Protein chains: 2
Amino acid sequence: MSLPPTDKQLLALAQSFRTTLRHAVYLSRSMDSDGELTTMQMSTLSMAADEPLRVSRVAANLGIRVPSATEQIIKLEQAGLVLRQPDPTDSRAVLVQLTETGREAWEAAGRRRNERVAALLEQLDDDDRATLAAALPIIEKLNHTA
Amino acid sequence: MSLPPTDKQLLALAQSFRTTLRHAVYLSRSMDSDGELTTMQMSTLSMAADEPLRVSRVAANLGIRVPSATEQIIKLEQAGLVLRQPDPTDSRAVLVQLTETGREAWEAAGRRRNERVAALLEQLDDDDRATLAAALPIIEKLNHTA
DNA sequence: GCTCATAGTTAGGTAGCCTAACATTTTCGG
DNA sequence: CCGAAAATGTTAGGCTACCTAACTATGAGC
């Protein structure tokens, strides 16, 4: 037991992982595409839910360039979900903050998505759920490493 | 033990799962964006690797519409990676099949991606890897259910 | 054989991303 | 303390991948 894994084993696991991840992307897409808010919009709103943040932070967190973030944020603003205000401590910067409408929309959409996923998870047995729950932080670890 | 999970527990797991999945989408994107082949192209090639298949099958498997699939397949054809040939049993249909070049490109890209992921997985300890390996089929189960 | 369904392609449009160029503000070395 | 360089956003223009609608051609059924 507990011998160091061979390259072959690692590569086999890597392949399964990639395949599952690819399928999971579809799963994620189908769970999040309910015509309300896109995944990116949800992420943006959830960032702003904690505290107002800069456009450049939004871009970095979303993994996109600043002009693209500006574009998306302006759309959220036009939808009345966020406000764009100059940063009082640095007038180059723009702070993105949630409106009350935005917070409500974000929370409602999150609830609905959670319920949809919970309905899926309900069909697993307890062991499977436990395994899944144990694996989530490991996947996060990988994400952080990469 | 083994009581039925409460709604609260399910919703909490659902939330974690959604979050991790969202992050995993980024992970997947970064692992697959090496400027060679897009994830969609890899998927298309891997489908065609088993046996020639119809454009409509490609579209269905990729979760996109037929015209979009046609577009992508034509690009793969122009790159010399696939051939488009009329189905001998139904001349309305078009069969997409891999060229030798396509097979080599697909295998090489798959190898490189696997190596990259294996390098990540190598940094986990044995327990984590075992948990991860156990979770993959469960996630597939969810994907199949949804 | 005529009608209707099926398989793909073409045409035209949209959304989200990109880079390059710009205006404004801050920072900092001389 | 001032001019150059860096940082923050926005604007402009372009690309790609997706979409729907309309079309052609083939197959299937009464």
Side-chain angles (χ1 to χ4, degrees), chain A residues 22 25-45 47-48 51-79 81-97, chain B residues 22 25-45 47-48 51-79 81-97:
Chain A
R22 177 157 44 83
V25 170
Y26 283 78
L27 183 58
S28 173
R29 188 176 305 173
S30 75
M31 290 182 322
D32 280 0
S33 71
D34 47 11
E36 304 180 69
L37 295 167
T38 66
T39 305
M40 292 301 227
Q41 287 174 332
M42 281 293 282
S43 300
T44 304
L45 295 183
M47 287 180 239
E51 56 175 353
L53 78 172
R54 295 179 168 195
V55 172
S56 50
R57 297 273 310 160
V58 172
N61 289 343
L62 292 179
I64 60 179
R65 302 294 175 179
V66 172
S68 308
T70 296
E71 190 175 320
Q72 296 306 317
I73 290 166
I74 287 178
K75 285 194 184 166
L76 288 174
E77 187 183 37
Q78 288 169 347
L81 303 182
V82 303
L83 283 178
R84 273 157 76 233
Q85 288 180 323
D87 183 338
T89 77
D90 181 344
S91 20
R92 291 171 304 179
V94 168
L95 291 180
V96 180
Q97 71 176 3
Chain B
R22 178 156 45 83
V25 170
Y26 283 76
L27 183 59
S28 172
R29 187 176 303 174
S30 76
M31 289 182 325
D32 280 0
S33 71
D34 48 11
E36 304 180 69
L37 294 167
T38 67
T39 305
M40 290 302 226
Q41 288 174 331
M42 281 294 282
S43 300
T44 304
L45 295 182
M47 287 180 239
E51 56 176 353
L53 79 171
R54 296 179 168 196
V55 172
S56 49
R57 297 275 309 161
V58 172
N61 290 343
L62 291 179
I64 61 179
R65 303 293 176 182
V66 172
S68 308
T70 296
E71 190 176 319
Q72 297 305 316
I73 290 167
I74 288 178
K75 285 194 182 164
L76 287 174
E77 187 183 37
Q78 288 168 346
L81 303 182
V82 303
L83 283 178
R84 272 157 77 234
Q85 287 179 324
D87 184 337
T89 76
D90 180 345
S91 18
R92 291 170 305 177
V94 168
L95 291 180
V96 179
Q97 70 176 358

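Computed from a predicted structure; not experimentally measured. Residue numbering restarts at 1 for every chain, and letters A, B, ... go by the order of the sequence lines.
Heavy-atom minimum distance, A:R29 versus B:M40: NH1-CE, 4.5 Å. Here the closest non-hydrogen pair linking A:A69 and A:V58 is CB-CG1, 4.4 Å. Across all non-hydrogen atoms, the minimal contact from B:P52 to B:L95 is CB-CB, 4.2 Å. Looking at every heavy atom in both residues, A:V82 comes nearest to A:I73 through CG2-O, 3.9 Å.
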Output one line per pair: protein atom, nucleotide atom from nucleotides 9-15 of chain C, and distance, for all N/O pairs under 3.5 Å.
unit_1	atom_1	unit_2	atom_2	d
C:dT9	OP1	B:R84	NE	3.2
C:dT9	OP1	B:R84	NH2	2.3
C:dT9	OP2	B:T70	OG1	2.6

Report each atom pair, protein N/O against N/O of nucleotides 23-25 of chain C, whose distance is under 3.5 angstrom.
unit_1	atom_1	unit_2	atom_2	d
C:dT25	O3'	A:S91	OG	3.1

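Spacing between atom CD1 of B:I73 and atom P of C:dA7 amounts to 14 Å, rounded to whole angstrom units. Here the P atom of nucleotide C:dG16 and the CE atom of A:M40 are 10 Å apart, to the nearest Å.
Taking CG of A:L81 as the reference point, atom OG1 of A:T44 lies at 10.5 Å (rounded to 0.5 Å).
Residues forming a salt bridge (Lys or Arg N to Asp or Glu O under 4.0 Å) with B:R54 (at least two apart in sequence, or on another chain): B:D87, B:D90. Under the side-chain contact (heavy atoms from CB on, under 4.5 Å) criterion, B:S91 pairs with no residue at all, not counting sequence neighbours. The salt bridge (Lys or Arg N to Asp or Glu O under 4.0 Å) test applied to B:R84 returns B:E77, not counting sequence neighbours.
The 5' end of DNA chain D is approached more closely, in terms of each residue's nearest nucleotide, by A:A93 than by the other of B:D87 and A:A93. The residue among B:L53 and A:G63 whose nearest nucleotide of DNA chain C lies closer to the 5′ end is B:L53.
Between chain B and DNA chain D, the heavy-atom contact criterion of under 4.0 Å yields a 5' to 3' nucleotide range of D:dA17 to D:dG27.
With contacts defined as side-chain heavy-atom distances shorter than 4.5 Å, the pair B:M47/B:L62 qualifies.
The environment of CZ in B:R22 is crowded: more than 12 heavy-atom neighbours from other residues, nucleotides or ligands sit within 6.0 Å.
Phosphate proximity of C:dC18 to A:S68: present, with a side-chain N or O under 4.0 Å from OP1 or OP2.
Among pairs with a residue in residues 60-74 of chain B, none fulfils side-chain hydrogen bond (donor to acceptor under 3.5 Å, both in side chains), at least two apart in sequence or across chains.
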